[in-house]
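Throughout, protein chains are lettered first and strands after them, A, B, ... in sequence-line order, and every chain is numbered starting at 1. Note that these values count all heavy atoms, side chains included, but never hydrogens, waters or copies made by symmetry.
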2 protein chains.
Amino acid sequence: MLHLEGEVINFRSMETRRADQIAVQLEELIFDGTFVDGQRLDEVRLAEHFGVSRTPLREALQRLALSGMVEMIPRRGAFVRQPGPVELMEMFEVMAELEAACGRLAAMRITDTALTDLRKANAKCLAAVEARDADSYYTENERFHRIIYQQSGNGFLEHETAKLHKRLKPFRRKQLRFRGRMAQSMAEHEAVVAALEHGDSARAEDILRKHVAVQGEKFHTLMASLKRAAE
Amino acid sequence: MLHLEGEVINFRSMETRRADQIAVQLEELIFDGTFVDGQRLDEVRLAEHFGVSRTPLREALQRLALSGMVEMIPRRGAFVRQPGPVELMEMFEVMAELEAACGRLAAMRITDTALTDLRKANAKCLAAVEARDADSYYTENERFHRIIYQQSGNGFLEHETAKLHKRLKPFRRKQLRFRGRMAQSMAEHEAVVAALEHGDSARAEDILRKHVAVQGEKFHTLMASLKRAAE
DNA sequence: GTCAACCTCTTTGTATACAAGACCGTTGAT
DNA sequence: ATCAACGGTCTTGTATACAAAGAGGTTGAC
């Protein structure tokens with residue numbers, strides 16, 4: 001199963017260390033649900049799966065542990081650690097605050113070309129909504145937000161925000177299909193662009209915070225409905 | 001130099017993995033300036049300094065690399081990486097936003113006991129100022145802020161904020177001695193407590209953001225003056 | 001019959017051994 | 001004289017070997 005070894009060799013040119021590639025691949029496997037929450041990650045098994053010794057594999061695991069996707073208990077092993085509903089809400093709340101901060105700063109610092117790019121991304125978003133193309137919407141939506149991170153003019157903030165954004169990716173995807181969510185999201189995007197254009201920090205901050213926070217709330221109701229269905 | 005080996009054995013009970021202890025110790029050595037910016041960290045040298053093999057030492061280095069204090073260049077080695085003036089300003093800016101977020105949420109969620117604790121910490125701060133005890137001030141100041149992180153009611157936010165706070169520690173320390181900074185800081189603390197007490201989110205957010213941001217600015221002027229002095 | 005102690009087997013943590021890329025000096029050619 | 005190519009050496013990255021801590025099962029005592 002999972003015959004990835006062939007392609008790995010091609011990657012060798014860009015990522016010199018085997019441990020890096022493995023970390024990325026493991027991340028994928030956790031993201032896409034191949035490894036479920038709480039599952040123990042056997043070093044020997046994984047090592048032979050990837051065709052390496054335990055040494056680089058352990059390094060990869062440690063990286064995932066630091067990013068919070070894996071918990072390493074001394075002398076016990078490494079376990080997949082998906083955030084529970086509470087932690088997920090917390091992460092969305094932080095995401096909302098970070099995006100708000102980006103928006104606030106971007107309103108003061110955004111360039112004209114970036115504004116144009118934002119509008120372009122937004123137009124493509126709209127086209128995707130009308131074409132009912134969820135994947136395309138997702139891609140353009142991501143571009144939209146990434147521009148805002150970048151235009152905060154703060155590389156550190158940009159990086160941290162993008163990091164959390166990436167980590168929440170698999171969970172955000174799940175709740176995109178809510179009725180009317182895309183249309184509402186589009187309206188919010190328009191409002192954000194307008195606020196940034198006018199240099200209205202407070203407004204950009206406010207809209208973005210709510211724009212992201214609502215995702216967390218939608219997720220919350222999703223969880224609640226799942227829970228009720230299970231009872 | 002640096003005879004730490006004796007004590008290390010005592011730590012064994014709490015931190016089972018040698019790599020963890022080494023990571024902490026290396027962090028200290030970078031913080032206190034024993035290793036300067038750009039310095040290469042020789043694996044073999046450090047390994048024999050700590051009395052271990054390269055394996056756990058490498059794991060420790062990788063951890064520091066992920067926290068940004070060390071840069072690992074493939075096939076080249078690990079180098080100490082202190083943030084430059086620009087990155088430092090960026091980090092302070094993010095710190096300000098995170099603290100502001102904590103304050104905003106804490107204003108809605110703080111408990112009465114926590115408010116009491118805040119006042120206590122503040123009183124001790126004041127006593128430290130009057131006693132011109134910078135160390136004590138620093139400790140109590142930290143407690144004050146940590147309570148606010150905690151009372152955000154968001155464990156993830158608390159953790160991330162504390163992480164950045166810790167990373168900025170060595171740089172914050174340097175600019176505490178500015179004329180009148182302590183007194184001004186005290187006044188801001190009082191205002192924060194008042195805002196939290198009244199559940200005034202917007203005000204708590206605002207004061208805290210400026211309270212932290214001013215540290216970045218002070219640092220900026222400090223850097224500028226150092227630069228001018230060097231010319 | 002139940003509980004506890006011991007023993008074994010598995011698995012992690014660390015040390016050592018090996019492979020290969022990067023630095024540096026030398027040498028040779030133009 | 002300068003520059004490029006080559007080889008040696010040093011350092012990193014990976015594999016393997018070893019040590020020690022847990023997990024689990026079995027046996028023996030009460």
Side-chain angles (χ1 to χ4, degrees), chain A residues 4-27 29-30 35-36 38-66 69-81, chain B residues 4-27 29-30 35-36 38-66 69-81:
Chain A
L4 300 160
E5 285 81 359
E7 292 140 61
V8 164
I9 294 158
N10 300 337
F11 293 167
R12 191 132 229 178
S13 47
M14 35 187 275
E15 300 244 3
T16 39
R17 282 164 305 191
R18 202 74 180 71
D20 287 338
Q21 313 163 20
I22 291 174
V24 173
Q25 294 185 29
L26 274 179
E27 207 174 69
L29 291 176
I30 293 176
F35 296 135
V36 299
Q39 181 170 350
R40 181 166 148 277
L41 298 173
D42 190 278
E43 294 183 0
V44 181
R45 255 182 112 72
L46 285 174
E48 64 188 43
H49 170 74
F50 285 111
V52 296
S53 76
R54 280 175 53 222
T55 312
L57 191 117
R58 275 177 65 85
E59 293 190 354
L61 283 180
Q62 303 217 344
R63 252 170 257 200
L64 296 194
L66 283 180
M69 299 174 51
V70 160
E71 185 172 13
M72 296 194 75
I73 304 172
R75 297 269 174 207
R76 297 288 299 276
F79 300 84
V80 176
R81 192 186 167 298
Chain B
L4 300 160
E5 286 80 357
E7 292 142 59
V8 163
I9 294 157
N10 300 337
F11 292 167
R12 190 133 230 178
S13 49
M14 35 188 274
E15 300 244 2
T16 40
R17 283 164 305 190
R18 204 75 179 70
D20 287 339
Q21 312 164 19
I22 292 173
V24 172
Q25 294 185 29
L26 275 179
E27 207 174 68
L29 292 177
I30 293 176
F35 296 134
V36 299
Q39 180 170 350
R40 180 166 148 279
L41 298 174
D42 189 279
E43 294 183 358
V44 181
R45 255 182 110 73
L46 285 174
E48 63 189 43
H49 170 75
F50 286 112
V52 296
S53 76
R54 279 176 53 222
T55 312
L57 190 116
R58 275 176 65 85
E59 293 191 353
L61 283 181
Q62 303 217 344
R63 251 170 259 199
L64 297 194
L66 283 179
M69 299 174 50
V70 160
E71 185 173 14
M72 295 195 75
I73 304 173
R75 296 265 172 212
R76 299 286 300 276
F79 300 84
V80 177
R81 194 187 166 297

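Between the CZ atom of B:R54 and the C1' atom of C:dT16 there is a distance of 10 Å, given to the nearest Å. In this structure, CZ of A:R63 is placed 12 Å from C1' of D:dG13, rounded to the nearest angstrom. Atom CZ in A:R58 sits about 12 Å away from atom P in C:dA15, given to the nearest Å. The distance from atom CZ of A:R18 to atom C1' of D:dG13 is 12 Å, rounded to the nearest whole Å. Whole-Å rounding puts the B:M72 CE to D:dT12 P distance at 8 Å. Here D:dT12 presents its C1' atom at 11 Å from CZ of B:F79, a figure rounded to the nearest Å. Here D:dA21 presents its C1' atom at 13 Å from CZ of B:R17, a figure rounded to the nearest Å. Rounded to whole Å, the distance from CZ on A:F50 to C1' on D:dA15 is 17 Å.
Note: B:D20 CG to B:R63 CZ = 4.5 Å, rounded to the nearest 0.5 Å.
For B:P74, taking side-chain heavy atoms from C-beta onward, the closest of the listed nucleotides D:dA15, C:dA15, D:dG13 is D:dG13. For A:A19, the side-chain atoms get nearest to D:dT14 when compared with the rest of D:dA15, D:dT14, D:dG13.
A:A60 and A:I22 get closest at one heavy-atom pair: CB-CG2, 3.7 Å.
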Check nucleotides 6-11 of chain C against the protein and report each pair of N or O atoms closer than 3.5 Å, with its distance, or say if there are none.
from: C:dT11; atom 1: O3'; to: A:R40; atom 2: NH2; distance (Å): 3.2

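If B:T55 and B:A78 are placed on DNA chain D by their nearest nucleotide, the residue sitting closer to the 5' end is B:A78. Comparing B:R75 and A:I73 against DNA chain C, the residue whose closest nucleotide sits nearer the 5' end is A:I73.
Inter-residue side-chain proximity for B:D42 and B:L46 is flagged as unmet; no heavy-atom pair is nearer than 4.5 Å. Considering only heavy atoms from C-beta on, B:V70 comes within 4.5 Å of B:I30 through its side chain.
Residues satisfying the side-chain hydrogen bond (donor to acceptor under 3.5 Å, both in side chains) test with B:R75, not counting sequence neighbours, are none.
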Residue pair B:V80, B:L41: steps toward the side-chain contact (heavy atoms from CB on, under 4.5 Å) verdict: CA-CA 7 Å; B:V80 177; B:L41 298 174; 3.8 Å; yes
B:R58 and A:E59: CA distance, side-chain angles, deciding distance, salt bridge (Lys or Arg N to Asp or Glu O under 4.0 Å) verdict: CA-CA 9 Å; B:R58 275 176 65 85; A:E59 293 190 354; 3.4 Å; yes
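Taking only side-chain nitrogens and oxygens, B:S53 comes nearer than 4.0 Å to OP1 or OP2 of C:dA15.
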